[in-house]
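All values below were derived from every heavy atom in this structure, side-chain atoms included, with hydrogens, water molecules and symmetry-related copies excluded. For clarity, every value in this text was computed on a predicted model and none was experimentally measured.
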Amino acid sequence: MSTSVGRESRTEATRLLCAGTYLDSDFRRRVIEELVEHEERSIAPSLGVDIVPVLAYALRARAQDVQTALWLLVFWGLFIGVEVGTGSEDSAADPFGLGISLWSVLYAIVCFLQWTSAASAGRGSSVYVLDKRMMREAMRGQVRVLIPVVSGVLAVGYWLYALIQLIWGSGSWMAIVFPLLLTLPIWAHRARVSDVMRNELSRKEFARRERAVPYTEHHRRVARAIDREQYAGLTIYDSGRPFLGMGRPYEPWSFVLELKRRKDADPAAAGPAPFTARTVVELIRPRLEALRDSAAQTSRDRLKDLEIEEFVYLPVGPPRPEVDYAGGSVLRHLAEAVDEGGEARRYFLRIRVGAWDEQVVATILIRVHTQGGMLVLEVVPHVLMPIKPEFRAVDVIAARGPDNFLRDGLRALLSGPAAGFASAVSTVSSAVHGFRTWLATPQYGMPDGPATSVRELAGTQTLSLFQEMDISRYVKTVQDRIASGVRDALRSQGYETDQFEQQIVQISEGGVFIGSMSGGAVASGAGAQANTTKSGGS
């Protein structure tokens with residue numbers, strides 16, 4: 001296992017994504033779909049996470065759902081079989097004339113309604129007791145959150161109605177006993193999830209456990225491909241889906257500058273070496289390294305962990321197993337791509353800052369062109385958003401400990417209908433996807449770039465104000481070092497820097513720089529207006 005894999009497999013982001021495969025069935029489905037069902041696709045770069053343990057836990061969570069669903073199927077078969085065997089003389093209790101009483105139909109409806117309401121509220125397959133925040137939102141009349149409250153009332157209503165009917169002598173003992181039996185697989189399911197959260201995915205245990213890997217040889221083959229790709233210095237991309245894995249673009253900018261010699265420049269000052277993109281990159285790197293070293297010596301700022309890497313994007317080409325990720329091949333691509341300025345193969349200097357326990361990641365990509373007497377600088381910052389807060393339920397579940405046996409049983413009783421239906425849906429979906437994968441044989445499919453990023457699938461839509469402030473500071477600080485490196489590169493080669501410095505000042509202040517202009521008008525900023533006037537009128 002490489003040093004990168006060893007470091008990233010212990011991060012908080014990796015831990016939360018592993019827990020998310022148990023807590024969010026849709027996230028788990030999309031992880032397996034992207035990594036297993038589309039084995040022909042290379043994966044997006046993994047920033048701050050190790051994807052292999054996430055896949056391993058996703059497969060384990062799916063297998064657990066299937067096991068629970070099979071036990072529920074057995075109990076449902078017993079439920080209906082006993083009803084058919086005993087029959088019913090009451091036509092009102094046997095609405096379909098099949099010997100099946102109204103109770104099994106009624107309980108099936110409760111299961112469906114509770115699962116539907118949980119899904120509509122955006123909750124995962126692991127259905128827990130409604131928290132206080134959700135109850136408060138329900139009291140405010142938010143329909144999306146009110147639905148699961150109604151479903152809970154339906155479940156309690158069923159038990160009360162069945163109990164009253166049994167006491168009055170017009171009910172059936174099966175209406176009580178069999179739903180209780182159906183609760184047992186859900187109870188066992190919740191106990192296993194709690195055990196995983198407590199003994200494998202708690203902060204303390206996750207930090208010292210061995211890296212989780214898939215069990216089967218098929219999935220191990222996928223894991224080996226992921227390990228080759230997720231921390232490599234190159235990535236395969238589809239032209240319609242660039243920069244996957246980096247997050248959202250964050251105020252990208254670029255400029256073009258004509259290279260003009262200073263009048264007072266010594267013709268021999270530039271030396272024999274040509275002015276190339278490599279020249280600029282080699283002057284930017286020391287400034288970024290100095291920034292990192294200075295932060296490490298004077299503060300706990302995340303800039304002390306700033307990572308600087310050269311990175312190259314390659315278009316989709318040979319089949320996935322034939323792409324060479326060996327060190328020599330990567331170095332060759334980097335050396336050739338840095339100065340070629342091609343459209344397909346693209347070189348970037350990648351600067352990454354992982355903040356907030358790798359939950360907020362700022363990545364700045366830099367590309368330089370120096371052909372045709374021009375300097376073109378492209379700076380493309382990206383931000384990976386924080387991981388969904390519901391994944392942090394792993395810490396709540398782990399903190400409950402093993403001494404909540406009866407309390408977990410009551411939770412299983414109340415959430416059993418929805419959880420049982422969810423496990424059935426997950427099993428049917430797994431069977432369909434497994435058959436589709438077997439039929440398509442994706443390992444022999446046409447090569448393709450990644451369609452999505454596992455890390456991005458787990459992200460939220462917003463940043464907190466503190467996180468916004470941190471991201472802005474990281475990006476602006478790095479951009480200042482980039483500007484100083486480019487300025488020194490121009491000076492060392494005897495080129496004018498006045499126009500470059502003016503452009504950088506304008507860009508850093510959020511303004512607009514225009515080299516020359518004839519007529520027209522420009523406005524910048526919120527509420528700004530621009531007007532033109534003509535002689536003889538307004």
Side-chain angles (χ1 to χ4, degrees), residues 14-33 35-37 51-76 111 114-115 118-119 123-129 181-202 205-206 209-216 218-220 222-223 390-391 393-398 400 402 404-405 408-409 411-435 437 454 458:
T14 301
R15 184 180 77 95
L16 293 179
L17 262 63
C18 291
T21 61
Y22 283 89
L23 303 174
D24 188 335
S25 59
D26 184 61
F27 172 68
R28 178 178 69 230
R29 176 186 60 80
R30 296 195 66 183
V31 167
I32 297 175
E33 179 180 351
L35 301 180
V36 178
E37 294 183 35
I51 301 301
V52 171
V54 179
L55 174 61
Y57 278 102
L59 294 169
R60 286 176 55 185
R62 185 178 69 173
Q64 183 171 314
D65 272 10
V66 171
Q67 182 180 355
T68 301
L70 292 177
W71 276 111
L72 288 171
L73 181 62
V74 170
F75 283 117
W76 269 104
C111 292
Q114 197 179 68
W115 172 79
R123 308 177 76 192
S125 62
S126 183
V127 183
Y128 288 88
V129 177
L181 290 177
L182 290 171
T183 301
L184 294 179
I186 305 301
W187 198 349
H189 179 97
R190 294 175 63 90
R192 287 194 296 269
V193 171
S194 297
D195 182 70
V196 170
M197 300 295 175
R198 184 172 57 253
N199 297 321
E200 297 184 30
L201 295 178
S202 65
E205 294 296 331
F206 188 77
R209 285 183 65 88
E210 290 293 328
R211 180 186 187 228
V213 295
Y215 295 141
T216 68
H218 169 76
H219 295 138
R220 284 178 181 270
V222 175
E390 50 264 37
F391 289 5
V394 56
D395 295 322
V396 178
I397 300 170
R400 286 173 179 166
N404 289 283
F405 188 73
D408 283 343
R411 291 191 182 103
L413 183 65
L414 294 176
S415 63
F421 202 96
S423 64
V425 171
S426 175
T427 300
V428 172
S429 175
S430 299
V432 171
H433 291 171
F435 176 75
T437 303
V454 170

Set out, in order, the CA-CA distance, both residues' side-chain angles and the distance that settles side-chain contact (heavy atoms from CB on, under 4.5 Å) for L17 and Y57, then state yes or no. CA-CA 9 Å; L17 262 63; Y57 278 102; over 6 Å; no
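Rounded to the nearest 0.5 Å, atoms CZ (F206) and CZ (R211) are 10.0 Å apart. The distance from the CG atom of D65 to the OH atom of Y22 is 9.5 Å, given to the nearest 0.5 Å. Here the CZ atom belonging to R62 is positioned 8.5 Å from the CZ atom belonging to R28, to the nearest 0.5 angstrom. Note that CG of L72 is 11.0 Å distant from CD of Q67, once rounded to the nearest 0.5 Å. Residue N199 holds its CG atom at 10.0 Å from OG of S194, rounded to the nearest 0.5 Å.
When all heavy atoms of R60 and Y215 are compared, the pair lying nearest together is CD-OH, 3.9 Å. Nearest approach of P214 to L55, heavy atoms of both residues: CG-CD2, 4.3 Å. Nearest heavy-atom pair across V52 and A223 is CG2-O, 3.8 Å. When every heavy atom of A61 is checked against every heavy atom of T21, the shortest pair comes out as CB-O, 3.6 Å. The two residues V394 and L201 come nearest to each other via the heavy atoms CG2-O, 3.7 Å. Across L23 and E390, no two heavy atoms sit closer than the pair CD1-O, 3.7 Å.
Looking at D26 and R29, a side-chain N of the basic residue comes within less than 4.0 Å of a carboxylate O on the acidic one, giving a salt bridge. Using a 4.0 Å cut-off between a side-chain N of Lys or Arg and a carboxylate O of Asp or Glu, R15 and D395 qualify as a salt bridge.
With hydrogens and angles ignored, the 3.5 Å screen pairs a side-chain donor or acceptor of Q64 with a backbone N or O of H189.
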